[in-house]
K.L.:
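Quick one: this structure, given as structure tokens, is what I'll be asking you about.
Positions are given from 1 along the sequence.
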Amino acid sequence: MSSDLERRLEALLVEAPEPEAGVGERALERSLAALPEPRRRERRRLRVAVVLVAAALGLLVLAAGSLAAAGALHVSFGHPKRRAASTGRLLTLPPDTTDVEM
């Protein structure tokens, strides 16, 4: 700001009348009344948190479905099936196999 403009502004402010008593308090009350209520902010935070949790859960389900479709994740419900009793042989080879040592 130029010094001439600054001097003129200071002179105008010195000549300005003093405000009436209570004007500042009324202005403060009105400005505080114009602010939104704090509850609205809490509701918005809660809404954002719910949306974020739902999105994370959706991504988790999508990833699990993709892994299950690719065969990398095996999901079963209920009691596990019993396995057949082992015969003690781990590898069965055809009778004409000669190059494998056991």
K.L.:
When rounded to the nearest 0.5 angstrom, what distance separates CZ in Arg8 from OG in Ser3?
P.N.:
11.5 Å
K.L.:
Under a 4.5 Å side-chain heavy-atom rule over Ile, Leu, Val, Met, Phe, Trp and Tyr, are Leu28 and Leu35 clustered together?
P.N.:
yes
K.L.:
Supply the atom-to-atom distance Leu62 CG to Leu67 CG, rounded to the nearest 0.5 angstrom.
P.N.:
9.5 Å
K.L.:
Between Leu52 and Val48, is any pair of side-chain heavy atoms under 4.5 Å apart?
P.N.:
yes
K.L.:
Find the distance between CD (Glu15) and CD (Glu10) and round it off to the nearest 0.5 Å.
P.N.:
12.0 Å
